[in-house]
Amino acid sequence: MPPENPEVKIDTSVPHNARIWNYWLGGKDNYPVDREMGEQIRSFFPEIVDNAIADRAFLVRTVTHLAKEEGIRQFLDIGTGLPTHNNTHEVAQAVAPEARVVYADNDPLVLTHARALLTGSEHGATDYVDADLRDPEAILSAAAKTLDLSRPVALLLLGVVNFVADDAEVRSVLDRLLGALAPGSYLVVSHPTDDLDRERAHQVAAAWNEKGTPKLTIRSAAGIEALFDGLELLEPGVVSCSLWRPEPTEVGSTRPVAEYGGVARKP
């Protein structure tokens, strides 16, 4: 059972995204209500576990690429969720020990695990911000204590934009975040899509939104690609997370998942 922290209030009666995702990834930081919801969704959409695994692998490949090939040394990971294996700072600092990483999330259970996120390289820096994606100014202000925003930053929004339903609000948040970052910064997004199986994708959303929190929005591939407007998309563009630059040993053996992702550079 996850540890309780008297300083934060954790509602264990309502299933929550971060904890359900943790359950699908094989973690232990979840409650019976989360496992029940996770199993309910998996009963009619068993591939959801593949989505979760592919999304984590996408994080590893994108962060590795940005640190190794693009020379990025600063990462802002918003909506980080619960710590598991291959967290952003672990991946980045394995390539560049001096990398600086700031996590931002507004889930109380994530807050109780903040110390687990703060064990980075002695040469780099790792910090945690308790803030909501919808308040980008608060995130940027706090992140600036660790990151130099006058230099390129990789902004990671993995599985979090889908919890903002209004497209205009999403555009506003992205513009405010990216507007504060230096040219040469990167945006990394992953997002559930209905392109592969529209009926079941919306069945997942309906089941989730009946009991879970925050509420889930599914977007088309075109809708996800629109998130990168004004930026320079890296090849292969917006694709299934499992198909974004898979390792040579994976080529030909990976299956598309209903979680799409992309990486783009701010000119």
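These numbers come from the heavy atoms of this one structure, side chains and all, not from hydrogens, waters or symmetry mates. What you are looking at is a predicted structure, and each value in this text was computed from that prediction instead of being measured.
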Flag if over 12 foreign heavy atoms under 6.0 Å of NZ, K68: no
Pairwise side-chain contact, N51 with V49, heavy-atom cut-off 4.5 Å (strictly under): no
I need the N22 CG to R19 CZ distance, nearest 0.5 Å. 10.0 Å
Among N86, V101, T62, the one residue meeting side chain to side chain contact (heavy atoms under 4.5 Å, CB included) with V91: N86
Under 4.5 Å between side-chain heavy atoms, counting indirect links through other Ile/Leu/Val/Met/Phe/Trp/Tyr residues: same cluster for L181 and V189 or not? yes
Could you tell me the separation between the CG atom of L174 and the CZ atom of F228, rounded to the nearest 0.5 Å? 9.0 Å
Identify which one of D167, N162, D194 satisfies the side chain to side chain donor-acceptor pair (under 3.5 Å) criterion when paired with R219. D167
Minimal heavy-atom distance between A182 and P152, with the atoms involved, is CB-N, 4.0 Å
Judged by atom type as modelled, is there a donor-acceptor pair below 3.5 Å linking the side chain of R61 to the main-chain atoms of R245? yes
Using modelled atom types and a 3.5 Å cut-off, is there a donor and acceptor pairing between side-chain atoms of K266 and backbone atoms of S185? no
Could you check whether E70 and H65, counting side-chain N and O atoms only, form a donor-acceptor pair closer than 3.5 Å? yes
Show your reasoning for whether side chain to side chain contact (heavy atoms under 4.5 Å, CB included) applies to Y23 and E39. CA-CA 9 Å; Y23 173 63; E39 284 304 313; 2.7 Å; yes
Same cluster (ILVMFWY, side-chain, under 4.5 Å), L156 and F58: yes
Report yes or no: does S172 contribute a side-chain atom to a donor-acceptor pair with the main-chain N or O of A168 at less than 3.5 Å? no
Would a distance-only check, ignoring hydrogens and angles, find a side-chain to backbone donor-acceptor pair under 3.5 Å from E90 to N87? yes
Mind running side chain to side chain donor-acceptor pair (under 3.5 Å) on S190 and D55 for me, showing each step along the way? CA-CA 7 Å; S190 68; D55 186 72; 2.5 Å; yes
Whether the side chain of R73 engages the backbone of E98 through a donor-acceptor N/O pair (distance < 3.5 Å, no angle test) should be reported. no
Is the number of heavy atoms from other residues, nucleotides or ligands within 6.0 Å of CD (E137) greater than 12? yes
Going hydrophobic residue to hydrophobic residue with side-chain gaps under 4.5 angstrom, can you get from V110 over to V164? no
Assess the residue pair L177 and L133 against the criterion (side chain to side chain contact (heavy atoms under 4.5 Å, CB included)); give the C-alpha distance rounded to whole Å, side-chain angles, the decisive distance to 0.1 Å, and a yes or no. CA-CA 9 Å; L177 286 168; L133 173 65; 4.0 Å; yes
Please check if the side chain of D34 supplies one atom and the backbone of N30 the other of a donor-acceptor pair under 3.5 Å. no
Indicate the atoms forming the closest heavy-atom contact of Y260 with A221, along with that distance. CE2-CB, 3.5 Å
Reported CG-to-CG distance for the pair L155 and D77, which is rounded to 0.5 angstrom: 9.0 Å
Beyond-backbone contact of D229 with R171, side-chain heavy atoms, under 4.5 angstrom: yes
Under 4.5 Å between side-chain heavy atoms, hopping through other hydrophobics if needed: is there a path connecting I139 to L149? yes
Test I78 against T80 for side chain to side chain contact (heavy atoms under 4.5 Å, CB included), laying out the working first. CA-CA 5 Å; I78 301 177; T80 178; over 6 Å; no
For residues S13 and V33, determine if any side-chain heavy atom of one lies less than 4.5 Å from a side-chain heavy atom of the other. no
Does the side chain of V153 reach to within under 4.5 Å of the side chain of D148, using non-hydrogen atoms? no
Within the distance-only criterion (no hydrogens, no angle test), does the side chain of E259 pair as donor or acceptor with the backbone N or O of C241 below 3.5 angstrom? no
Is any side-chain heavy atom of E225 less than 4.5 Å from a side-chain heavy atom of L233? yes
Once rounded to the nearest 0.5 Å, what's the spacing between atom NZ of K145 and atom CG of L140? 12.5 Å
Quick one: do the H16 and Y31 side chains pair a donor with an acceptor below 3.5 Å? no
Linking I/L/V/M/F/W/Y whenever their side-chain heavy atoms sit closer than 4.5 Å, directly or via other members, would L25 and Y103 fall into one cluster? no
Is there a donor-acceptor pair under 3.5 Å between the side chain of S242 and the backbone N or O of T254? no
Looking at L216, is its backbone amide N or carbonyl O close enough to the side chain of N209 to form a donor-acceptor pair, meaning the two atoms are under 3.5 Å apart? yes
I'd like to check the side chain to side chain contact (heavy atoms under 4.5 Å, CB included) partners of P267; sequence neighbours left out, ordered by chain and number. L231, E232
Within the distance-only criterion (no hydrogens, no angle test), does the side chain of W24 pair as donor or acceptor with the backbone N or O of G38 below 3.5 angstrom? yes
Over all heavy atoms of both residues, which pair between F45 and A258 is shortest? Give the atoms and the distance, please. CZ-CB, 4.2 Å
Suppose we screen for ring pair (Phe, Tyr, Trp, His ring centres under 6.0 Å). Which residues come up paired with W208, at least two apart in sequence or across chains? none
Using a strict threshold of under 4.0 Å (side-chain N to carboxylate O), is an ion pair present between E47 and R200? yes
Are T88 and L59 side-chain neighbours, meaning at least one heavy-atom pair lies under 4.5 Å? yes
Give me the atom names and distance for the closest heavy-atom approach of P192 to T217. CG-O, 4.2 Å
Atom CD of Q93 and atom CZ of R100: how far apart are they, to the nearest 0.5 Å? 9.5 Å
How many angstroms lie between atom CZ of F163 and atom CG of L157, to the nearest 0.5 angstrom? 13.0 Å
Where do D50 and R255 come nearest, in terms of heavy atoms and distance? OD2-NH2, 3.0 Å
Heavy-atom closest contact (F75 atom, L147 atom, distance): O-CD1, 4.0 Å
